[in-house]
Visitor: 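Dropping a structure here in structure tokens format, bear with me for questions.
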Amino acid sequence: MDFNMKKLASDAGIFFTRAVQFTEEKFGQAEKTELDAHFENLLARADSTKSWTEKILRQTEVLLQPNPSARVEEFLYEKLDRKVPSRVTNGELLAQYMAEAAGELGPTTPYGKTLLKVSEAEKRLGAAERDFIHTASLSFLTPLRNFLEGDWRTISKERRLLQNRRLDLDACKARLKKAKAAEAKATTVPDFQETRPRNYILSASASALWNDEVDKAEQELRVAQTEFDRQAEVTRLLLEGISSTHVNHLRCLHEFVKSQTTYYAQCYRHMLDLQKQLGRFPGTFVGTTEPASPPLSSTSPTTAAATMPVVPSVAGLAPPGEAALCLEEVAPPASGTRKARVLYDYEAADSSELALLADELITVYSLPGMDPDWLIGERGNKKGKVPVTYLELLS
């Protein structure tokens, strides 16, 4: 118990000395040991790394999980070392609603069939989003958290210890300076009149006491300087390790970009497949760049009908599943052909369709009795059906 009281009193004395030294430095009443420029640059670089890592981490979490309540819930589960429950993504929830709507409104109707197709695509998008969130969390967020909760805490602890060692060192320097000043004063200026013998004895005793105090202060200063130098070296090595942290974060950033690229590529493929499937649905509404209704004109219906090309009916233009289309035998109309720019790549499903490449220009026209969602496309000597949704009709 006596040992603990002595230790407590000693710790209280050290704390008080540091507090006094810190306060005097703030008011400009005490000198402060300055670190070298290289060390200060390492400290500034470490602080900047920590600050930007926190900002990037928080914003990435917002990107992966926009719902703040869900983020708080996941944070609490992690702090309690419990497994985060599986959460349905927005795409999967939308897919569920569409599937239920199709079941109630009629899965065999055009609207119901389309709902089911879109539901399947949204479900695949939701699964791709789930994989992206999982991959990004492991390859990017986890290393950033490990740095903030591991390496940075160690650096902060050693920096606080270095600050305490510096305060002890400066307090020893101040104590030594005061002891030397008092010793010089006791040696040159006696306390009493020099004509009395007792004064010489008192002056000599005071000089000896301050001499002992100077020796003690010098010994404490050497010990404090050694501890400060050792702690400064430890802290410097940790701060120089920030370069390795940057290399690790760079590698993690590449992994994050790779996972994000994979995710968006999957989304693009899923939506492209969905668009192809919707383009093949008979009777499906498809938007085009053409106006919904023809503009008003003074031309009479008889005149308009006279200018329309008359092409014999072709059995091959029936919906899929019926007679095959012999496009080689179909001549383009004398008028009514248009240029069209291809919006997306399209792979022909069979020999009656024309494969398309994005941004190429082709000639298109329609024939009587043909599905309005399809046109006849020509590129050189090749002909084939093309979906309207993949085209931008030019004037």
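Positions are given from 1, in the same order as the sequence printed here. Since we're looking at a predicted model, the values are computed, not measured.
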Visitor: Once you round to the nearest 0.5 Å, how far does CZ of R165 lie from CD of E158?
Guide: 10.0 Å
Visitor: Which pair of heavy atoms, one from Y346 and one from L354, lies closest together, and at what distance?
Guide: CD2-O, 3.7 Å
Visitor: How long is the straight-line distance from CD1 of I362 back to CG of L394, given to the nearest 0.5 Å?
Guide: 10.0 Å
Visitor: Please tabulate, one pair per line, all N/O donor-acceptor pairs under 3.5 Å involving side-chain atoms of residues 261-268, not counting sequence neighbours.
Guide:
from, atom 1, to, atom 2, distance (Å)
T261, OG1, V257, O, 2.7
T262, OG1, K258, O, 3.0

Visitor: With sequence neighbours excluded, what pairs up with D359 under the side-chain hydrogen bond (donor to acceptor under 3.5 Å, both in side chains) test?
Guide: R341
Visitor: Rounded to the nearest 0.5 Å, what separates atom CZ in R124 from atom OG in S119?
Guide: 9.5 Å
Visitor: Grab the two heavy atoms, one from V386 and one from G377, that are nearest each other, plus how far apart they are.
Guide: CG2-N, 4.1 Å
Visitor: Would you compute the distance between atom CG of N146 and atom OG1 of T245 and round it to the nearest 0.5 angstrom?
Guide: 11.0 Å
Visitor: Please check: side-chain N/O of S259 versus main-chain N/O of F256, any donor-acceptor pairing under 3.5 Å?
Guide: yes
Visitor: Under 3.5 Å, is there a donor-acceptor pair linking the side chains of Q163 and R160?
Guide: no
Visitor: Treating R379 as the side-chain partner and A355 as the backbone partner, does any N or O pair qualify as donor plus acceptor under 3.5 Å?
Guide: yes
Visitor: Going by the side-chain contact (heavy atoms from CB on, under 4.5 Å) test, name the single residue among Q231, E227, E233 that passes it with L162.
Guide: Q231
Visitor: Are the side chains of T337 and V364 in touch, meaning some heavy atoms are under 4.5 Å apart?
Guide: no
Visitor: What I want to check is whether the side chains of E92 and Q96 have a donor and an acceptor closer together than 3.5 Å.
Guide: no
Visitor: Taking all atoms of both residues into account, what is the closest heavy-atom pair of E240 and L42, and its distance?
Guide: CG-CD1, 3.8 Å
Visitor: Hey, is D170 close enough to R166 for a salt bridge, meaning N to O under 4.0 Å?
Guide: yes
Visitor: Looking only at heavy atoms, what is the nearest atom pair of L221 and K173, with distance?
Guide: CD1-CG, 3.5 Å
Visitor: Establish whether L94 and L116 are linked, either directly or via other cluster members, by ILVMFWY side-chain heavy-atom contacts under 4.5 Å.
Guide: no
Visitor: Tell me whether N248 contacts the main-chain N or O of S244 through its side chain, where contact means a donor paired with an acceptor under 3.5 Å.
Guide: no
Visitor: Check the orientation of W152 and F147. Use parallel for under 30°, tilted for 30 to 60°, and perpendicular for over 60°.
Guide: tilted
Visitor: Quick one: do L239 and F39 satisfy side-chain contact (heavy atoms from CB on, under 4.5 Å)? Show the steps, please.
Guide: CA-CA 9 Å; L239 292 175; F39 202 99; 4.0 Å; yes
Visitor: Could you check whether any side-chain heavy atom of K50 comes within less than 4.5 Å of a side-chain heavy atom of T53, counting everything from C-beta outward?
Guide: no
Visitor: Quick test of your reading of the model: are E353 and K385 salt-bridged, counting only N-O distances below 4.0 Å?
Guide: no
Visitor: Consider only side-chain N and O atoms of Q225 and D229, and report whether a donor and an acceptor are under 3.5 Å apart.
Guide: yes
Visitor: Within the supplied structure, the quantity of interest is the number of heavy atoms (other residues, nucleotides, ligands) at a distance under 6.0 Å from K123 NZ; does it exceed 12?
Guide: no
Visitor: May I ask you to test the M370-I376 pair for a side-chain heavy-atom distance under 4.5 Å?
Guide: yes
Visitor: Verify the cluster assignment for L138 and L144: are they in a single hydrophobic cluster under the rule of side-chain heavy atoms below 4.5 Å apart?
Guide: no
Visitor: At what distance, to the nearest 0.5 angstrom, does CZ of R153 lie from CD1 of I155?
Guide: 13.0 Å
Visitor: Which heavy-atom pair separates D345 from L272 by the least distance, and what is that distance?
Guide: O-CD2, 4.3 Å
Visitor: Are L169 and V223 connected, step by step, through hydrophobic side chains (Ile, Leu, Val, Met, Phe, Trp, Tyr) whose heavy atoms are closer than 4.5 Å?
Guide: no
Visitor: List the steps and the verdict of side-chain contact (heavy atoms from CB on, under 4.5 Å) for L161 and K157.
Guide: CA-CA 6 Å; L161 190 56; K157 177 182 177 182; 5.9 Å; no
Visitor: Determine which pairs satisfy ring pair (Phe, Tyr, Trp, His ring centres under 6.0 Å) with at least one residue from residues 89-124, sequence neighbours left out, and list them in order.
Guide: none
Visitor: Among the clusters formed by ILVMFWY side chains lying less than 4.5 Å apart, do L357 and V388 turn up in the same one?
Guide: no
Visitor: Take L278 and T114 through the side-chain contact (heavy atoms from CB on, under 4.5 Å) test and state the conclusion after the steps.
Guide: CA-CA 7 Å; L278 295 183; T114 305; 3.6 Å; yes
Visitor: Taking only residues at least two apart or on different chains, which pairs with a member in residues 36-47 satisfy salt bridge (charged side-chain N to carboxylate O under 4.0 Å, His left out)?
Guide: D47-R159
Visitor: Taking side-chain hydrogen bond (donor to acceptor under 3.5 Å, both in side chains) as the criterion, tell me which of E218, E220, Q219 meets it with R222.
Guide: Q219
Visitor: Could you go through the side-chain contact (heavy atoms from CB on, under 4.5 Å) check for L253 and H249 one step at a time?
Guide: CA-CA 6 Å; L253 186 60; H249 288 183; over 6 Å; no
Visitor: Over all heavy atoms of both residues, which pair between T389 and L343 is shortest? Give the atoms and the distance, please.
Guide: O-CD1, 4.0 Å
Visitor: Within the structure provided, determine whether K276 and Y344 are in side-chain contact (heavy-atom separation under 4.5 Å).
Guide: no
Visitor: Do side-chain atoms of T142 reach the backbone of S137 as a donor and acceptor pair under 3.5 angstrom?
Guide: yes
Visitor: In Å and rounded to the nearest 0.5 Å, what is the CD1 to CG distance from I242 to L43?
Guide: 10.5 Å
Visitor: Taking side-chain hydrogen bond (donor to acceptor under 3.5 Å, both in side chains) as the test, write out the residues that go with T363, two or more places apart.
Guide: K339
Visitor: In the single-linkage hydrophobic clustering (I, L, V, M, F, W, Y; side-chain heavy atoms under 4.5 Å), do L238 and L148 co-cluster?
Guide: yes
Visitor: What residues form a side-chain hydrogen bond (donor to acceptor under 3.5 Å, both in side chains) with E255, not counting sequence neighbours?
Guide: none
Visitor: Atom NE2 of residue position H134 - does it have more than 12 heavy atoms of other residues, nucleotides or ligands inside 6.0 Å?
Guide: no
